[in-house]
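Below you'll find the structure, written out as structure tokens, and then a few comments.
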Amino acid sequence: MAATSLARCCSRIYYNCKCASSSQNHQTNENRNLVNKRRSSKPVRLILRNRSKKLNDPSLTRALRDFAESGLMEDALHLFDEMNKADVFVWNVMIKGFTTCGLYHEALGFYLRMVLFTGIKADSFTYPFVIKSAAGASSLLEGKTIHATVIKLGFDSDVYVSNSLISFYMKLGCEWDAEKVFDEMPERDIVSWNSMVSGFLAVGDGLRSLALFKEMIKCGFEPDRFSIMSVLGACSRVECLRVGKEIHCYAIRSGIEAGDDVMVLTSVLDMYSRFGEVSYAERVFNGMIIRNVVAWNVMVGCYARNGRVVDAFLCFQKMEKELQPDVITLINLLPACEILEGRTIHGYAARRGFLPHVVLESALIDMYGESGKVKSAKVVFDRMGEKNLVSWNSMIAAYVQNGENYSALELFRELWDKDSSLVPDSTTIASILPAYAESLSLREGRQLHGYIVKARYDVSNTIILNSLVHMYAMCGDLEDARKRFDQVVFKDVVSWNSIIMAYAVHGFGSVSVRLFSEMITSGVSPNKSTFASLLAACSISGMIDEGWQHFNSMKREYGIDPGIEHYVYMLDLIGRTGNLSSATRFIEEMPFVPTARIWGSLLKASRNHNDITVAEFAAEQVLKMEHDNTGCYVLLLNMYSEAGRWDDVNRIKLLMKSQGVSRTTNRSIVETKGRAHVFTNGDRSHVETNKIYQVLDIVLGMIEEEEEGKEEDSYVHCVSKMRPETLLKENSNSYRRHSVRLATCLGLISTETGRTVLVRNNTRICRRCHEFLEKTSKVTRREIIVGDSKIFHHFSNGCCSCGNYW
DNA sequence: TTAGGGTTAG
């Protein structure tokens with residue numbers, strides 16, 4: 001009796017503690033209210049009045065079980081207090097009741113009080129509930145302590161207990177511990193296998209989930225509805241539609257997929273939705289006899305995630321006629337929203353009382369971020385009462401997406417320094433790494449990589465490694481990018497896309513194409529981004545035949561419709577051939593309205609082939625869409641200037657002035673001995689200016705010597721063909737002091753002989769500097785890598801990887 | 001009379 005009173009007392013303390021700490025836990029609040037409402041119910045008083053005088057009245061136990069099973073834990077507690085002698089069965093009923101209600105701390109409290117104060121021994125029925133509560137409370141320490149007790153008492157051979165432990169470890173992200181439990185089980189049942197299949201999926205390892213499923217079948221286990229639900233998720237994760245369809249067929253043949261099994265059907269629906277198979281999804285949804293809010297949510301989400309905005313909203317309206325949408329409906333609808341619809345959803349959520357809600361608010365931040373409304377995203381972020389790691393990640397990503405790298409880095413540092421339980425995770429790292437890639441600083445990128453290793457992030461994590469591949473490649477270090485790629489154990493489509501793009505922007509298109517073949521051989525299916533990377537590779541490296549071959553295979557072999565981004569790369573490719581009329585026809589015949597990027601591509605081609613007429617036409621189209629496109633004005637200026645059309649030069653200058661457009665200041669950065677040195681054209685602010693200019697003169701002298709004796713100097717030839725006005729302009733020799741040359745010279749004298757010099761430039765390199773860099777690489781016998789605003793040029797022994805087309 | 005695995009969300 002004393003023990004039961006103590007338990008009740010402790011339970012109250014737990015309630016109070018929970019009340020104080022659970023303001024952020026909606027679910028727990030609901031349960032607390034449920035308990036409080038039933039504090040002194042009539043049925044309890046009636047049962048107590050009619051109870052027998054026997055010690056263990058079975059009717060009381062039955063009533064207790066009924067209350068617990070109905071979630072009426074306050075009534076259950078009343079009865080529990082009045083019972084003469086609670087045995088392990090009664091305690092288990094109470095622990096189960098708390099666990100089912102999500103009152104995990106109360107369940108753990110009851111267990112502790114039972115074993116510590118009553119002398120009653122927990123049995124094999126107790127532990128599955130207790131372990132589930134430890135998982136629910138996300139308490140790894142308590143769970144591990146319980147695991148130790150389980151081993152001590154010999155319950156680890158119990159299949160129910162072990163299965164609970166697998167789920168516990170998987171839920172807390174400890175897949176190695178779960179695997180150890182699984183491996184050491186003397187016997188396994190279908191639940192053990194299902195727990196592993198769903199567990200690996202929960203920790204994000206779809207490949208292992210799928211592998212376990214296959215192994216399960218090999219071991220002679222027939223998949224049940226739980227297996228099907230888990231493995232379909234794994235198929236989506238590893239992007240394996242073929243296996244997903246096979247499993248769907250199996251589910252139909254075996255009768256698992258029945259028209260009234262809403263959960264299995266929803267899993268199937270969800271799988272098709274994630275693969276973009278909207279018509280399959282519609283067929284499944286229309287065949288459902290029962291549709292609950294989850295099924296509707298998945299269908300709304302299916303339209304939203306697949307760009308069927310109108311259908312998503314129509315589905316939402318139909319849903320409203322049958323049942324009440326919930327907060328998840330809105331979360332699913334948001335990705336389909338442009339800013340106007342997004343704001344409407346935001347208002348709807350506020351009116352319906354769905355806010356504050358941490359997931360919905362984070363989805364709103366995503367929506368505002370993707371719509372380019374960073375300020376609105378920040379307003380939502382700042383007003384959030386509760387912020388979790390995902391909220392921070394969303395805000396950081398919103399900054400990065402909109403090029404506000406400085407703010408992203410600030411926020412990231414704030415999160416890093418924050419004195420809280422929030423620790424940046426792999427998504428944070430993956431979100432912030434592009435900011436480092438964009439900041440052009442290999443040094444800072446390396447520092448973050450150092451942090452990642454030092455802070456003991458899982459260095460085999462695919463998401464982190466993929467981001468590192470991207471960061472190193474974009475910061476100019478292709479070698480390190482490749483090392484990170486080789487480290488990825490489970491290479492997903494993003495891993496392959498990242499490395500294909502890495503080699504593409506560095507001008508090694510043939511390597512990209514080879515990697516694409518390896519990707520296909522490894523069984524990873526390409527997606528739209530893969531082809532964007534692949535076509536970029538063919539375009540940058542001038543691989544015309546391969547480009548066409550891959551472009552044509554997209555739909556035919558892989559069922560992927562080319563998007564506007566693929567047309568852009570193809571246009572670049574056609575542009576290289578110099579056949580501008582063919583390029584223009586390609587634009588006219590493509591199934592999209594041409595964008596500024598498309599016209600920009602034609603403009604670049606016309607510049608490279610000196611066709612001012614086409615250039616003027618293309619520039620006009622660009623400026624109709626983007627009147628402040630600096631690159632477009634500058635390109636025209638240079639073309640007119642080179643042709644000596646000074647009236648046109650002045651006209652463009654006036655136009656730029658009237659539009660408030662000014663030329664981007666040319667900046668080049670070289671990093672030496674842990675410091676970044678920034679140069680502008682003609683810069684004389686560096687402490688070693690004199691030395692830099694002396695080196696520049698020496699290099700120019702070496703180039704001239706190298707050129708002597710040649711029948712015809714290409715540069716002299718080029719100058720001799722210029723008009724007198726152009727020649728006058730060139731004689732000023734201002735290009736000789738362009739920032740990229742100054743940065744390169746500092747790089748040459750600050751790095752060891754034989755080491756590569758890496759320079760980053762914020763604009764396109766001019767022709768003369770390109771020629772200078774080619775020759776410098778020859779006379780100094782050094783590899784020089786220069787990243788401009790689009791690609792990396794690898795200068796070596798007088799040649800550039802771009803093949804003189806950029 | 002009590003047990004384990006299950007569908008949608010950033």
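Note that the coordinates shown come from a computational prediction; the quantities given were computed from them, not determined experimentally. Note on naming: letters A, B, ... go to the chains in the order of the sequence lines (proteins, then strands), and numbering restarts at 1 for each one. All values below were derived from every heavy atom in this structure, side-chain atoms included, with hydrogens, water molecules and symmetry-related copies excluded.
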Expressed as a whole number of angstroms, how long is the span from A/D66:CG to B/dT2:C1'?
13 Å

Indicate, with a heavy-atom threshold strictly under 4.0 Å, whether A/V298 touches base, sugar-phosphate, or nothing.
sugar-phosphate

Out of B/dA3, B/dG6, B/dT1, whichever nucleotide has its closest atom nearest the side chain of A/S124:
B/dA3

Does A/T266 contact B/dT7 through a side-chain donor or acceptor facing the base, at a distance under 3.5 Å?
yes

Sole candidate of A/I345, A/N297, A/I328 that passes side chain to side chain contact (heavy atoms under 4.5 Å, CB included) when paired with A/L333:
A/I345

Name the nucleic acid region contacted by A/V327, choosing base, sugar-phosphate or nothing; use a 4.0 angstrom heavy-atom cut-off, strictly under.
nothing

Just by distance, no angles: are the side chains of A/S267 and A/D270 close enough, under 3.5 Å, to form a donor-acceptor pair?
no

Determine the contact category for A/D326: base if any of its heavy atoms lies under 4.0 Å from a base atom, sugar-phosphate if only primed atoms, P, OP1 or OP2 are that close, otherwise nothing.
nothing

For A/T126, answer base if it contacts any base atom (sugar-phosphate contacts may also be present), sugar-phosphate if it contacts only those atoms, and nothing otherwise; contact means non-hydrogen atoms under 4.0 Å.
nothing

Are more than 12 heavy atoms, taken from residues, nucleotides or ligands other than A/E222, located less than 6.0 Å from that residue's CD atom?
no

A/I166 CD1 - B/dG6 P separation (whole Å)
12 Å

Of the nucleotides B/dT8, B/dA9, B/dG5, which has the atom closest to the A/H357 side chain?
B/dA9

A/M229 CE to B/dG5 P, in whole Å, measures 12 Å

Between B/dG5, B/dT7, B/dT8, which nucleotide gets closest to the side-chain atoms of A/M263?
B/dT7

What contact category does A/N393 fall into here, base, sugar-phosphate, or nothing, at under 4.0 angstrom with non-hydrogen atoms?
nothing

Closest approach to the side chain of A/N194, judged atom by atom: which nucleotide of B/dG6, B/dG5, B/dA9 is it?
B/dG5

Counting heavy atoms from C-beta on, name the nucleotide in B/dT2, B/dG5, B/dG6 closest to the side chain of A/F125.
B/dT2

Under 4.0 angstrom, heavy atoms only, what part of the nucleic acid is A/R274 near: base, sugar-phosphate, or nothing?
sugar-phosphate

CD1-CD1 distance between A/I252 and A/I247, expressed to the nearest 0.5 angstrom:
12.5 Å

Within 45° cone of A/F110 ring axis and under 6.0 Å: A/R113 NZ or CZ:
no

Take the protein atom CE of A/M94 and the nucleotide atom C1' of B/dT1, then report the distance between them rounded to whole Å.
16 Å

Per the atom types in the model, does the base of B/dG5 pair as donor or acceptor with the side chain of A/D224 at under 3.5 Å?
yes

Winner on side-chain proximity to A/I190, out of B/dT2, B/dT8, B/dG5, is B/dG5

Report the distance from atom CG of A/D158 to atom C1' of B/dG5, rounded to the nearest whole Å.
15 Å

Of B/dT7, B/dG5, B/dA3, the nucleotide closest to the side chain of A/F129 is B/dA3

Does a side-chain N or O of A/K96 approach OP1 or OP2 of B/dA3 to a distance below 4.0 Å, or not?
yes

Can you tell me if A/N332 and A/T329 form a side-chain donor-acceptor pair at under 3.5 Å?
no

Sugar-phosphate only, base, or nothing, as touched by A/V197 at under 4.0 Å among non-hydrogen atoms
nothing

Under 4.0 angstrom between A/R62 side-chain N/O and B/dT2 OP1 or OP2:
no

Assess the side chains of A/E106 and A/Y111: does a donor N or O sit below 3.5 Å from an acceptor N or O?
no

Using a heavy-atom cut-off of under 4.0 Å over every strand shown, decide if A/F226 touches base, sugar-phosphate, or nothing.
base

Of the nucleotides B/dG5, B/dA3, B/dT2, which has the atom closest to the A/N92 side chain?
B/dT2

Separation of B/dT7 atom P from A/W296 atom CH2, nearest Å, is 22 Å

A/N332 near the nucleic acid: base, sugar-phosphate alone, or nothing, with a heavy-atom cut-off under 4.0 Å?
sugar-phosphate

Can you check the A/D270 CG to B/dG6 C1' distance for me, whole Å?
13 Å

Roughly how many Å is it from CE in A/M196 to C1' in B/dG6, rounded to a whole number?
17 Å

